[in-house]
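This is a predicted model, so every value here is computed, not measured. Convention: sequence-line order gives letters A, B, ...; per-chain numbering from 1.
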Number of protein chains: 2
Amino acid sequence: MTDQAQRKVKLSRERIVDAAITLADQSGLESLTIRALADHLGTRPMTLYHHVDGKESLLDWMVDRVFAQMELPSPDLDWIDALRQRCRSTRAVLVEHPWSVPLLESRTSPGPELLRHHEAMLATLDRGGLPLDRMAHAYAVLDSYVYGFSLQEANLPAQGGEQIAEVAHEVVAAFASGAYPQLARLTSEHVMRPGYSFGSSFDVGLEMLLAGISARAEEEGA
Amino acid sequence: MTDQAQRKVKLSRERIVDAAITLADQSGLESLTIRALADHLGTRPMTLYHHVDGKESLLDWMVDRVFAQMELPSPDLDWIDALRQRCRSTRAVLVEHPWSVPLLESRTSPGPELLRHHEAMLATLDRGGLPLDRMAHAYAVLDSYVYGFSLQEANLPAQGGEQIAEVAHEVVAAFASGAYPQLARLTSEHVMRPGYSFGSSFDVGLEMLLAGISARAEEEGA
DNA sequence: GACTGTAGACGTACTTAGTACGATAATCAA
DNA sequence: TTGATTATCGTACTAAGTACGTCTACAGTC
């Protein structure tokens, strides 16, 4: 017992999924291989197959773990505020795990955490008094926006301001031809400016959607 | 010349990209392999490498071809109408090529068609009188929504009404436990109804965003 | 304390997929 | 014709997922 406890902490599905997420965060999904994962855990590839069904299943678990990190809409807030808070939290989590966004929707089997989120979101929309059809619309619309924004944000050339300026510089040079005047203008006069942040657009769109959703709820109530 | 024209139509990058898109549309990205593509074209794998740099580059070309299929915002329409038309067209094209959505943003090198789209969109927003920062917001917000919606729509279990009802049925049964009352209600009383279509939510959200964008433009003009 | 069953760990090897390399065939210019 | 350029393709290497069977360590029984 002592011997084994010293060397390795005992493998488990949870530990494997955690390690996989760490690896994906660090070096991207494409470098998450079963062999690399085994190395990282100090074990051999085939050992992992005793805890996880296969790589596809591992990806499912990883996605579910990401959902677990998002805040559920709080029942204590006004329903619109609760929606805003959960959407912001969702985006924040997705951007921290950029690899997860394309996976979110392509996984066929919904995990328990995903179901909890759906349920909580629907309950919040219900609190706002939305009938079923508007509930469905509102949820589809909000999630589309949050996923889409995160998808774009997660794939920006670089997070650090330096590299982004570098890339932008190339783009500007390439556009000096004059074929893309608007792009050139936007890049040089806006994107390359010190304070620029793509993420700042998130709230803008979110408020538009929330305004639309609450306006429709009031119509209903009237 | 006659001999060769009979047997095979002469390989070209264009033909290869077209075939790749056809294959991906039919059986999904994961079954698009270099070997399968070569078979489909009646040639050998390595032949393709004389027209395409490698698989990654092939994916880039495929994405650019998808962009080429989308309508640009028409300069003849009112700017808001032009935005609406181009967003609808974008969604329609993306849903026809479900494999493309996760790729759109992950491709690092923007193709010529993508640049044309960006340029045309920015020009349209400029027509609306938006200053640079609002232009950037508006574009980011619209594209996020369109991509996100398409991402969700492209990954629905099935397009045909039959299979969707089948899946929904399982879900309802699984939720009979009572752990997910809202989900159960939404599924059984709304999603499973005959006329239901996820896609119908698209215009709802799009109008919210367009309303928000044009309202902000008017503020500016005032 | 020896015996045995079970679960976890792992070595080996098969399969699929991308693609480097070099040889061969086809096209075209001079 | 001839040389050069271009296209085609056969072979083989590498990376990655994973099936199969073995081995080890510990649990519980006699």
To the nearest angstrom, the CG-C1' distance between A/Leu32 and D/dA15 comes to 14 Å
When rounded to whole Å, the CD to P distance for the pair B/Glu56 and C/dA20 reads 13 Å
Determine: side-chain N/O of B/His51 to OP1/OP2 of D/dT8, distance under 4.0 Å, yes or no. yes
In whole angstroms, the gap separating P of C/dT16 from CZ of A/Arg35 amounts to 15 Å
DNA chain D nearest-nucleotide lookup for A/Gly54 and B/Pro45: closer to the 5′ end is B/Pro45
Rounded to whole Å, CD of B/Glu30 lies from C1' of C/dG18 at a distance of 17 Å
B/Asp53 atom CG is separated from C/dG18 atom P, nearest whole Å, by 15 Å
Exercise. Below 4.5 Å, heavy atoms only, C-beta onward: do A/Pro112 and A/Asp64 meet side chain to side chain?
Worked result: yes
Worksheet entry | Ring centroid separation B/Tyr196 to B/His190 under 6.0 Å | yes
- Item | Aromatic ring proximity A/Tyr145/B/Tyr145, centre distance under 6.0 Å | no
>> With a 4.0 Å limit, can you tell me whether B/Thr47 has a side-chain N or O closer than that to the phosphate oxygens OP1/OP2 of D/dA7?
In response: no
Taken to the nearest whole Å, NZ/A/Lys55 to P/D/dA19 is 14 Å
B/Met46 atom CE is separated from D/dT8 atom C1', nearest whole Å, by 11 Å
- [ ] Measure distances between side-chain N and O atoms of A/Arg44 and base N and O atoms of C/dA9, and say whether any donor-acceptor pair falls under 3.5 Å.
- [x] no
Worksheet item: Charged N to carboxylate O below 4.0 Å: is that the case for B/Asp203 and B/Arg88?
Response: yes
From NE2 of A/His50 across to P of C/dA7 the rounded distance in Å is 11 Å
| message | With a cut-off of less than 4.0 Å, is there a side-chain N or O of A/Thr33 near OP1 or OP2 of D/dA15? | response | no
